[in-house]
Participant: 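Shown below is the structure under consideration.
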Amino acid sequence: MKSINVKQAERLVKGLAKAGPVTKVTLLTRKKDRQLTIERGTAAVVIDERGFYTGQISLNLSDGQAKHALLQAFKREFPRSHQLYLHQEKD
């Protein structure tokens, strides 16, 4: 896992709503007590949160709610973070 800036991670999360080579991203805080896993399929995005909120949400990519839900989950889990650990899986 590599450490990245929170602004870079936010741009990466925004880009997951679009097509690209990255299919699964896991973000963790420095203390590793909060985790956000985003997995993009062909027609849906699965958001798995473990931290402040624990749950799993599946959203359709065709409507515009996926990008908004991704950013909400990101802001909810990492409100005061400056650095995050990142793990990416590509096709």
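In this text the structure is predicted, and so the values were computed from the model without any measurement.
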Participant: Please determine whether residues Val22 and Leu70 belong to a single hydrophobic cluster, defined as Ile, Leu, Val, Met, Phe, Trp and Tyr linked transitively by side-chain heavy-atom distances below 4.5 Å.
Facilitator: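 Yes, one cluster joins them.
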Participant: When rounded to the nearest 0.5 angstrom, what is the spacing between CG in Leu28 and CG in Asp33?
Facilitator: 9.0 Å
Participant: Got a sec, which pairs hit salt bridge (charged side-chain N to carboxylate O under 4.0 Å, His left out) with one end in residues 6-20, sequence neighbours left out?
Facilitator: Glu10-Lys75
Participant: Could you go through residues 82-90 and list every donor-acceptor pair under 3.5 Å that involves a side-chain atom there, pairing it with any protein atom two or more places apart or in another chain?
Facilitator:
| unit_1 | atom_1 | unit_2 | atom_2 | d |
| --- | --- | --- | --- | --- |
| Gln83 | NE2 | Ser3 | OG | 2.9 |
| Tyr85 | OH | Arg30 | NH1 | 3.4 |

Participant: Over all heavy atoms of both residues, which pair between Ala17 and Leu61 is shortest? Give the atoms and the distance, please.
Facilitator: O-CD2, 3.7 Å
Participant: Atom OG1 of Thr29 and atom CD of Glu77: how far apart are they, to the nearest 0.5 Å?
Facilitator: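 Nearest 0.5 Å value for the OG1-CD distance: 9.0 Å.
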Participant: Keeping Arg50 on the side-chain end and Leu36 on the backbone end, is there a donor-acceptor pair under 3.5 Å?
Facilitator: no
Participant: Using the side chain to side chain contact (heavy atoms under 4.5 Å, CB included) rule, take Val45 and Leu16 through it: C-alpha gap first, then chi angles, then the decisive distance, then the call.
Facilitator: CA-CA 9 Å; Val45 173; Leu16 280 174; over 6 Å; no
Participant: With sequence neighbours excluded, what pairs up with Ala69 under the side-chain contact (heavy atoms from CB on, under 4.5 Å) test?
Facilitator: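 If we apply the side-chain contact (heavy atoms from CB on, under 4.5 Å) test to Ala69, skipping adjacent residues, the hits are Ile47, Leu59.
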Participant: Tell me, please, which residues at least two apart from Thr37 pass side-chain contact (heavy atoms from CB on, under 4.5 Å).
Facilitator: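 By the side-chain contact (heavy atoms from CB on, under 4.5 Å) rule, Thr37 matches Lys24, Thr26, Gln35, Asp48.
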Participant: With sequence neighbours left out, write down each residue that passes side-chain contact (heavy atoms from CB on, under 4.5 Å) with Arg76, or none if nothing qualifies.
Facilitator: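 With sequence neighbours excluded, Arg76 shows a side-chain contact (heavy atoms from CB on, under 4.5 Å) to Glu49, Phe52, Tyr53, Ala73, given in chain and number order.
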Participant: Would you say the side chain of Leu12 lies within less than 4.5 Å of the side chain of Val25, judging by non-hydrogen atoms?
Facilitator: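 Side-chain contact under 4.5 Å: yes.
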Participant: Can you name the side-chain contact (heavy atoms from CB on, under 4.5 Å) partners of Gln72, sequence neighbours left out?
Facilitator: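 Checked Gln72 against side-chain contact (heavy atoms from CB on, under 4.5 Å); matches are His68.
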